[in-house]
Amino acid sequence: MLLAHLADLARSAITLAYGVSPTQVAIEFPEDRARGDLTVNAFLLAKELRIAPPKLAATLAAALNGCSPVDTAVAVSGYVNLKLQPEALLTALLQEVLDDPTAFGQGTALAGRRLMVEYSAPNTNKPLHLGHMRNNFLGHSTAAVLANAGATVLRANLFNDRGIHICKSMLAWKRFMNGVTPTDTGQKSDHLVGDCYVRFDKEFAREVETHCAAHPEEFEVWKTQRLAQKDAPKADDAALAREWRASFREAGFAQIPLGAECTEMLRAWERGDTEVHALWNLMNGWAFAGFAKTYTDLGVSFDVVYRESETWTLGRDLILEGLERGVFQRRADGAVEIDLSAEKLGRKVVLRSDGTSVYITQDIGTTVLKAAQNQLDGQLWVVGDEQKYHFAVLFAILRHMGYAWASDLHHLAYGLVNLPEGRMKSREGTVVDADDLLAETTALAVLEIRARDEEHRLEDAEVQRRAAVVALSALRFMLLKVNPLASMTFDPKESVKFDGDTGARVLYAYARLRSMLDAAGTLSRGNPALLNDPAEINLALTLLALPAAAARAAREYNPGVVANWLLELVRDLNRFYDRCDVLRATDQELRAARLQLCAAAVAGLERGTALLGMPLLQRM
RNA sequence: GCACCCAUAGCUCAAUUGGAUAGAGCAUCUGACUACGGAUCAGAAGGUUGGAGGUUCAACUCCUCCUGGGUGCGCCA
């Protein structure tokens, strides 16, 4: 390993000069490569060793200068800039990349650890949309990134398939949809379920209107109470009336006939009512079938699948057991809670006064179940950042319960995906559906591919296949290259463009390399010392930076680090094509050496895109 | 009211975690089209890193305050 070898050289030079050995010597890639191929930051070392940076840099430069594989080492304002011997880079690539291309970029930081990454976790009422796409891609890719760092990773999904909201769509189907099935309409089955859910809201709102119009006296009572409250709004009748109507969504739900019927249906479901379960199974079947299709199209998959309908009762016993051990306290009103004020999380109820579970109780149960079933050392959840508090509380409770693995739980919180017009709003119909977006992007990729196939040599099926790959890679790349923590703006129009910093650019670079290598025939070693064009050196150096980028991506749970590395690699590659002839190179030794560089770049592209879950094309 | 997150070029995003002259792409303007695959390359222009202080040899990065945007703070999920 070139970088490790250089670090060793630097370390022994320091030990020799000062009699002390630094814990770590970081070999960095300088921002401006005109300064040198690689650099040693003497400030970092100086801090640990308490030696003046310029002095340390000078000592190091003197020791490393001319010391193979270093050609020259120059101390400049606290840095030691290294220029390598001409053959060092390609030799390193041959060894580190081409020896075993599939292992390139792997790390050992998480070796021996068994982790679970939960992502997607959809509500069966809602077909997947743009926000879910970010979630799915992040989860799928982060799992790959962690596995690349040496962990054994299980990918998990948890279907939110029960509860009052599920009854809403069931009831709507029963009452308003005239027995229609996906086969009748030809509609994607999860979308039919989604339509039922939307229909419920509409009908419910109508009933709320009827109720409100018929009971003006109730409004007066409500208004009096509302205005007496501490956070009372201004006495504006129109605004208050709106708030009153909105309050029926939850507080007054059962006062509305449809709401009451829905609540009764939930009770029937919990009793195990045969008829309700038959309908539930039917509609769940539709939802799951639809999701399965979308997951396939998105290229995401899971090793373990949980359903809330099977896990929702799990937490209760654990709480009761914890209550006996004094982890939780029973309040005077019968509710069970935990005091997390030491963690600044306040008090949290974990069992209602009627003994039933709350949301977090289920999560406690599911988390313990997952850990026990799979012998996990740690767990990761990919869930929107609005649930940060929820997860902070969940983790704190599990620590209080004494689980050894509770210190290795992590919430990968990601920000919203906004549209250029602002937030997606289901009421305003601005939600970008995952299936639609994928289809539209694929259609545009078809046009791009056809435009480049002037002689119509490609069959429709092949065009379609390529377009699907281009579209998926473009979307994955666009959503993954951004830091997960930050909310992002996603412009559907931009996502289907294939110029610039896009997934398509990465695919293109790969296809181009592939066809060159195919045309080149058998590779031979060539003369490594002939690679001395700056474009060649940059490309080789960028390739060697993958292991560090992949390690950082794992450390930070951020696949975007790999995406940005890919962009840099592709930029270097395009520049390399432009400056250096490969197949046309007249010197056979040089041609062979450049082809080796291309082969290493292929491995880099394959490894990097694999970490992001991007499919590639041999021909574009 | 309290807590957390975000703010970088006109737009979308980076910045080796406190290190050298803050970088890419898009859009704009200019150049390279008999091109190893132009879904490309080269160049120009674009910045007081929201504002004000502070710590440091060194601050986009850390601390304090302010402004603007987002999200939480349920016996909802």
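Below, chains carry the letters A, B, ... as their sequence lines are ordered, and counting in each starts from 1.
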Test log, rule salt bridge (charged side-chain N to carboxylate O under 4.0 Å, His left out), inputs A/E494 and A/K497: CA-CA 5 Å; A/E494 288 296 320; A/K497 287 187 181 168; 3.4 Å; yes

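- Counting to the nearest Å, the C1' atom of B/rG37 and the CD atom of A/E454 are 13 Å from each other.
- Of all heavy-atom pairs spanning A/L412 and A/P484, the tightest one is CD1-CB, 4.2 Å.
- An OP1 or OP2 oxygen of B/rA77 is reached within less than 4.0 angstrom by a side-chain nitrogen or oxygen of A/R352.
- Checked by distance alone, A/S487 brings no side-chain donor or acceptor within 3.5 Å of a matching partner on the base of B/rC6.
- One can place CG of A/D491 at 10 Å from C1' of B/rC26, the figure rounded to the nearest angstrom.
- If you check every strand for non-hydrogen atoms under 4.0 Å, A/I449 touches a base.
- Between the side chains of A/D363 and A/H390, at least one donor N or O sits under 3.5 Å from an acceptor N or O.
- The residue A/E386 sits close only to the backbone: its heavy atoms come under 4.0 Å of sugar-phosphate atoms, none of a base.
- When the side-chain nitrogen and oxygen atoms of A/R512 are compared with OP1 and OP2 of B/rG38, one or more of them lie within a distance under 4.0 Å.
- Residue A/N483 is classed as a sugar-phosphate contact, given heavy-atom separations below 4.0 Å to backbone atoms only.
- Nucleic acid contact class of A/M478 (heavy atoms, under 4.0 Å, all strands): none.
- Nucleotides B/rG47 and B/rU64, compared at atom P, are 31 Å apart to the nearest Å.
- Side-chain contact of A/Y414 with A/N135: a donor-acceptor pair under 3.5 Å is present, judged by distance alone.
- Between the C1' atom of B/rC75 and the CG atom of A/D333 lies a distance of 8 Å, rounded to the nearest Å.
- Checking the phosphate oxygens (OP1, OP2) of B/rA77, no side-chain nitrogen or oxygen of A/Y359 falls inside 4.0 Å.
- Between B/rC73 and A/R347, no contact under 4.0 Å exists linking OP1 or OP2 to a side-chain N or O.
- Heavy atoms of A/E31 sit under 4.0 angstrom from at least one base atom.
- One can find a donor-acceptor pair under 3.5 Å joining the base of B/rG74 and the side-chain atoms of A/E250.
- For B/rC41, the OP1/OP2 oxygens have a side-chain nitrogen or oxygen of A/R505 closer than 4.0 Å.
- Phosphate proximity of B/rU71 to A/R423: present, with a side-chain N or O under 4.0 Å from OP1 or OP2.
- Remark: A/R579 is not in phosphate contact with B/rA32, judged by side-chain N or O atoms under 4.0 Å from OP1 or OP2.
- As judged by a 4.0 angstrom heavy-atom cut-off over every strand, A/A509 is placed among residues making no nucleic acid contact.
- Atom-to-atom, CG of A/N125 to P of B/rA77 comes out at 16 Å; the value is rounded to the nearest Å.
- Atom CZ in A/R575 sits about 19 Å away from atom C1' in B/rG37, given to the nearest Å.
- Using atom C1' as the reference point in both B/rG70 and B/rC6, the two lie 7 Å apart (nearest Å).
- Going from atom CG of A/D363 over to atom P of B/rA77 covers 11 Å, rounded to whole Å.
- Of the C1' atoms belonging to B/rA52 and B/rA39, the separation is 47 Å, rounded to the nearest Å.
- Nucleic acid contact class of A/N81 (heavy atoms, under 4.0 Å, all strands): base.
- One finds no side-chain N or O of A/N564 lying less than 4.0 angstrom from the OP1 or OP2 phosphate oxygen of B/rA14.
- A salt bridge does not link A/E337 to A/K348: none of the charged nitrogens lies less than 4.0 Å from a carboxylate oxygen.
- Classification of A/R575 and A/D533 as a salt-bridged pair fails, no side-chain N sitting under 4.0 Å from a carboxylate O.
- Between A/R452 and B/rA39, a side-chain N or O to OP1/OP2 separation shorter than 4.0 Å is present.
- Ring-plane geometry between A/W269 and A/W280 is classed as perpendicular, the angle between the planes exceeding 60 degrees on a 0 to 90 degree scale with a lower cut at 30.
- Relative ring orientation between A/F200 and A/F204 is described as parallel, the plane-to-plane angle staying below 30° on a 0-90° scale split at 30° and 60°.
- Contact of A/T502 with B/rA39 (side chain to base): no donor-acceptor pair of N or O atoms is detected under 3.5 Å.
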Per-nucleotide pairing state of RNA chain B [Watson-Crick or G-U, under 3.5 Å; [ ] pseudoknot-crossing; | other strand]: (((((.(..((((.....[...)))).(((((.......))))).....(((((..]....)))))).)))))....

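- The separation between A/D501 atom CG and B/rG23 atom P is 16 Å, rounded to whole Å.
- Look at NE2 on A/H390: it is 19 Å from P on B/rU71, rounded to the nearest Å.
- A/W381 and A/F395 have their aromatic ring centers within a separation under 6.0 angstrom.
- Heavy-atom nearest nucleotides on RNA chain B were determined for A/C580 and for A/I360, and the one closer to the 5' end corresponds to A/C580.
- Comparing B/rC41 with B/rC4, their C1' atoms sit 45 Å apart, to the nearest whole Å.
- The P atoms of B/rG51 and B/rU61 are separated by 11 Å, rounded to the nearest whole Å.
- Between the A/Y197 side chain and the A/T124 main chain, no donor and acceptor come within less than 3.5 Å of each other.
- Under 4.0 Å is where a charged nitrogen must lie from a carboxylate oxygen, and between A/E568 and A/R33 at least one such pair does.
- Residue-level contact check: A/R555 touches neither bases nor backbone, having no heavy atom under 4.0 Å from any strand.
- Nearest to the side chain of A/D499, among B/rC26, B/rC4, B/rG38, sits B/rC26.
- Annotation: B/rA45 and B/rG10 have their P atoms spaced 15 Å apart (nearest Å).
- B/rA7 sits 11 Å from B/rA15 when the P atoms are compared, rounded to a whole Å.
- Here the separation of B/rC62 from B/rC76, taken at their P atoms, is 38 Å to the nearest Å.
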